[in-house]
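Here the structure is a predicted model, which is why all the values come from computation and not from measurement.
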Amino acid sequence: MMIDVVFMTNRYFIFAQVSDLCNDYRRSMNAEITESMNTFWAECYESYKNALDTRSKLVAESRKSFQALILEPFKIKKEEEESRIYLMENQKKAQRLLVRAKWRQIKGYLCGERGPWKSRLVYFSILFFFYLNRKLKYISSTLFITVIFSWYILITTLNKLCM
């Protein structure tokens with residue numbers, strides 16, 4: 001019985017005295033912790049914004065220096081190269097047109113009614129070579145004309161031998 005009374009008094013003491021003090025302590029600690037925590041997170045947010053602004057400035061400066069050192073010279077070189085390639089293609093086209101005009105003139109002389117190449121064999125072999133030259137596009141015009149005349153000499157000598 002005595003133990004029950006002590007237990008009851010202890011229980012009453014805990015509920016009456018300690019629980020009120022505990023609740024007061026918790027409320028005061030929560031208020032202090034909440035205030036200090038809010039201050040901490042506000043400082044963290046401010047430092048984050050400052051770091052973000054600093055990083056943005058550094059990225060912008062880096063981008064500008066990259067453009068000044070690399071992109072601008074690259075664009076200039078690219079434009080020069082494109083214009084060079086355009087001019088080279090125009091020169092090749094003019095050269096092809098000149099060779100074609102020379103070929104038509106020579107063909108008119110050689111393959112005409114009185115020309116030495118009036119033979120169909122010679123004419124078609126030359127046309128075949130001309131076709132290959134256009135398809136392969138790696139034979140120069142000088143080599144082309146040289147080969148045409150060497151074929152002419154070869155076929156005329158063959159024709160003379162066969163007669």
Side-chain angles (χ1 to χ4, degrees), residues 1-108 110-111 123-152:
M1 187 87 164
M2 178 76 161
I3 294 177
D4 287 340
V5 172
V6 170
F7 182 69
M8 294 298 264
T9 54
N10 282 344
R11 190 179 237 185
Y12 174 76
F13 176 75
I14 289 173
F15 283 128
Q17 297 291 327
V18 175
S19 65
D20 289 336
L21 288 174
C22 181
N23 288 337
D24 289 342
Y25 176 75
R26 283 183 184 165
R27 272 189 236 113
S28 67
M29 287 304 289
N30 280 342
E32 289 176 19
I33 289 174
T34 304
E35 185 178 326
S36 63
M37 200 180 325
N38 286 342
T39 305
F40 171 75
W41 285 116
E43 289 172 0
C44 286
Y45 181 71
E46 287 298 319
S47 62
Y48 162 76
K49 285 184 81 169
N50 289 337
L52 192 64
D53 289 343
T54 306
R55 183 181 179 280
S56 297
K57 289 176 186 174
L58 290 175
V59 166
E61 290 174 8
S62 174
R63 184 180 295 127
K64 285 179 184 176
S65 64
F66 176 78
Q67 287 176 349
L69 292 175
I70 294 175
L71 284 183
E72 296 299 325
F74 173 76
K75 286 179 183 177
I76 293 170
K77 292 270 187 187
K78 179 183 162 197
E79 290 172 2
E80 289 174 357
E81 189 67 15
E82 286 175 351
S83 65
R84 185 186 70 82
I85 289 173
Y86 178 75
L87 289 175
M88 190 171 62
E89 289 296 324
N90 281 345
Q91 287 174 351
K92 283 183 180 181
K93 182 179 178 182
Q95 181 69 16
R96 279 194 303 267
L97 292 174
L98 180 67
V99 168
R100 186 176 293 164
K102 283 182 183 178
W103 165 245
R104 286 185 183 142
Q105 182 184 10
I106 293 171
K107 185 177 88 170
L110 295 175
C111 299
Y123 178 69
F124 283 119
S125 62
I126 296 300
L127 280 182
F128 178 69
F129 184 77
F130 187 66
Y131 172 77
L132 282 180
N133 184 35
R134 284 181 53 202
K135 289 296 177 189
L136 298 177
K137 291 185 181 177
Y138 66 85
I139 301 173
S140 70
S141 59
T142 320
L143 178 65
F144 176 67
I145 293 174
T146 307
V147 170
I148 288 176
F149 283 117
S150 61
W151 275 26
Y152 165 70

Which residues share a side-chain contact (heavy atoms from CB on, under 4.5 Å) with [X], sequence neighbours left out:
X	answer
F66	I70, L71
L58	T54, E61
K93	R96, L97

Please round to the nearest 0.5 Å and tell me the distance separating atom OG of S62 and atom CZ of R55.
->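 Going from OG on S62 over to CZ on R55, the span is 10.0 Å.
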Do you know the tightest heavy-atom contact between A68 and P73?
->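 Heavy atoms only, the tightest pair is O-CD, 3.6 Å.
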What side-chain donor-acceptor pairs closer than 3.5 Å can you find for residues 80-87, not counting sequence neighbours?
| residue | atom | partner | partner atom | Å |
| --- | --- | --- | --- | --- |
| E81 | OE1 | R84 | NE | 3.4 |
| E81 | OE2 | R84 | NE | 3.4 |
| E81 | OE2 | R84 | NH2 | 2.4 |
| S83 | OG | E79 | O | 3.3 |
| S83 | OG | E80 | O | 2.8 |

